[in-house]
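Structure first, commentary second.
Note that ligands are numbered from 1 as they come in the structure, with each ligand's atoms numbered from 1 the same way.
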Amino acid sequence: MTTLERISVIGSGLMGHGIAQVFALHGHDVTLYDIRQDFLDKAIAGVKANLGAFAARGIIGQAEAEAAPARITCTLHLEEAAKSADFIVEAVPENMTLKQDIFSRLDAMSKPEAVLASNTSVMSITEIASTSRHRARIVGTHFWNPPYLIPLVEVVQAGETTPATVEFTMDLLRRVGKHPVHCRKDVPGFIANRMQHALWREAISIVEQGIADPRTVDEAVRLSFGMRLPILGPLENADMVGLDLTRAIHDYILPALCDSHKTSPVVLDKVAAGELGFKTGKGLQDWPADRQQASRDALRDYLLDVAEKQVKSGR
Ligand SMILES: NC(=O)c1ccc[n+]([C@@H]2O[C@H](COP(=O)([O-])OP(=O)(O)OC[C@H]3O[C@@H](n4cnc5c(N)ncnc54)[C@H](O)[C@@H]3O)[C@@H](O)[C@H]2O)c1
């Protein structure tokens with residue numbers, strides 16, 4: 001029997017606690033590091049609540065829901081998290097100087113063969129690694145929120161990341177039930193966020209031009225091609241309808257689409273007015289507390305339904 005790798009997660013916030021949970025649920029010992037004990041306590045309470053929801057739906061057994069959190073050891077000392085880990089995931093706030101500092105310290109404190117991964121959403125892995133000495137073992141692992149429910153992890157190969165580092169990371173992620181994809185270039189937005197934000201740019205432009213209001217834009221996506229997306233990606237769809245038709249549509253429509261390299265005035269004006277969305281109760285739409293809760297509940301229930309269906313169908 002092979003020994004399971006020892007995992008460390010740096011930063012126990014929204015992403016960090018969920019990433020720790022993924023590895024612990026698959027039998028790995030996990031060390032979770034943060035700068036305050038109350039943050040770590042909250043993280044463990046979050047893991048227990050998430051696993052309780054899994055058990056309530058039969059996604060995992062009650063015994064697993066109770067055993068997994070006990071595999072997570074919390075620490076306030078970075079060296080404790082670094083010294084015996086085989087794989088370390090950093091999930092601290094999106095700040096380049098902070099991430100560079102964490103990586104150069106982990107680089108000095110960890111075993112030379114350990115792989116060091118950053119969960120940055122958009123920042124360059126090459127730049128994060130630039131202040132470390134052993135850059136060949138530094139890689140991006142872009143988990144999506146919530147990391148224990150969304151299967152994809154983008155494994156980002158930076159300038160000096162070796163193929164062996166990428167292969168080890170992809171293999172480990174597969175073994176904990178994730179669906180890793182290899183992003184061969186360290187570009188802003190990696191693979192999926194480039195497409196997500198190309199869509200948001202067009203959606204905001206439609207509002208800016210008065211073509212439709214925000215609620216209508218979202219309905220138009222959710223109730224049309226949005227329904228196909230879990231089965232049919234854009235490139236399979238292009239082949240399905242035919243590249244001759246795709247060409248005819250693109251020749252006609254591309255000149256009409258938004259190609260701005262600047263944030264829309266719609267977003268700039270809202271931010272200047274302090275209308276930030278859920279956190280202020282008003283953004284592109286109005287968000288009273290009950291409507292926010294309904295939105296969050298609907299997303300979580302949908303993702304749990306998908307996870308439950310996958311387990312019950314043996315996938
Ligand atoms: N929130 C998302 O939807 C999402 C999705 C994908 C990737 N990410 C990325 O994941 C990373 C973490 O995001 P998050 O949403 O979990 O943030 P968060 O603010 O919820 O958590 C960050 C945690 O890091 C801790 N921290 C701060 N300074 C630290 C330090 N010096 N050492 C160790 N821990 C420290 C904080 O106390 C906090 O617990 C960011 O790079 C973010 O861009 C976020």
[X]/[Y] ion pair, N-O < 4.0 Å:
{"X": "Arg222", "Y": "Asp218", "result": "no"}
{"X": "Lys312", "Y": "Glu308", "result": "yes"}
{"X": "Glu94", "Y": "Lys99", "result": "yes"}
{"X": "Glu5", "Y": "Arg175", "result": "yes"}
{"X": "Arg247", "Y": "Asp251", "result": "yes"}

Tell me which protein heavy atom sits closest to [atom], plus the residue, atom name and distance to 0.1 Å.
{"atom": "atom 17 (O) of ligand 1", "result": "Leu14 N, 4.7 Å"}
{"atom": "atom 16 (O) of ligand 1", "result": "Met15 N, 2.8 Å"}
{"atom": "atom 31 (N) of ligand 1", "result": "Leu98 CD1, 3.4 Å"}
{"atom": "atom 41 (O) of ligand 1", "result": "Glu94 OE1, 2.5 Å"}
{"atom": "atom 30 (C) of ligand 1", "result": "Ile35 CG2, 3.7 Å"}
{"atom": "atom 3 (O) of ligand 1", "result": "Asn145 CB, 3.3 Å"}
{"atom": "atom 10 (O) of ligand 1", "result": "Asn119 ND2, 3.0 Å"}
{"atom": "atom 40 (C) of ligand 1", "result": "Val92 O, 3.3 Å"}

(request) Would you kindly confirm whether Val266 and Leu268 end up in one hydrophobic cluster when ILVMFWY residues are joined by side chain heavy atoms under 4.5 Å apart? (result)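 No, it is not one cluster - the side chains of Val266 and Leu268 are not joined through contacts under 4.5 Å.
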(request) Report yes or no: do Arg137 and Ser132 form a side-chain donor-acceptor pair below 3.5 Å? (result)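 There is no such pair (donor and acceptor under 3.5 Å, judged by atom type) between the side chains of Arg137 and Ser132.
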(request) Verify the distance criterion only: is there a donor paired with an acceptor across the side chains of Asn193 and Gln196 at less than 3.5 Å? (result)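 A donor-acceptor contact under 3.5 Å links the two side chains.
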Can you sort out which atoms of ligand 1 are near [X], meaning under 4.0 Å from one of its heavy atoms?
{"X": "His142", "answer": "6 (C), 7 (C)"}
{"X": "Thr120", "answer": "41 (O)"}
{"X": "Phe39", "answer": "37 (O)"}
{"X": "Tyr33", "answer": "32 (N), 33 (C)"}
{"X": "Lys99", "answer": "40 (C), 41 (O)"}
{"X": "Asp34", "answer": "23 (C), 25 (C), 26 (N), 34 (N), 35 (C), 36 (C), 37 (O), 38 (C), 39 (O)"}
{"X": "Ser121", "answer": "6 (C), 7 (C), 8 (N), 9 (C), 42 (C), 43 (O), 44 (C)"}
{"X": "Gly13", "answer": "16 (O), 20 (O), 21 (O), 23 (C), 39 (O)"}

4.5 Å side-chain heavy-atom contact, [X] and [Y]:
{"X": "His142", "Y": "Val153", "result": "no"}
{"X": "Tyr33", "Y": "Leu106", "result": "no"}
{"X": "Tyr148", "Y": "Ile19", "result": "no"}
{"X": "Leu173", "Y": "Thr141", "result": "yes"}

(message) Nearest 0.5 Å, please: how far is OG1 in Thr169 from NE2 in His182?
(response)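 It comes to 10.0 Å.
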How does [X] reach ligand 1, by side chain, by backbone, by both or by neither, if only non-hydrogen atoms under 4.0 Å count?
{"X": "Ile102", "result": "side chain"}
{"X": "Leu78", "result": "neither"}
{"X": "Phe143", "result": "backbone"}

Check: [X] N/O within less than 3.5 Å of ligand 1 N/O:
{"X": "Glu90", "answer": "no"}
{"X": "Pro93", "answer": "no"}
{"X": "Trp144", "answer": "no"}
{"X": "Ile10", "answer": "no"}

(request) Can you establish whether the number of heavy atoms outside Lys111 located under 6.0 Å from its atom NZ is more than 12? (result)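 More than 12 heavy atoms, drawn from other residues, nucleotides or ligands, come within 6.0 Å of this atom.
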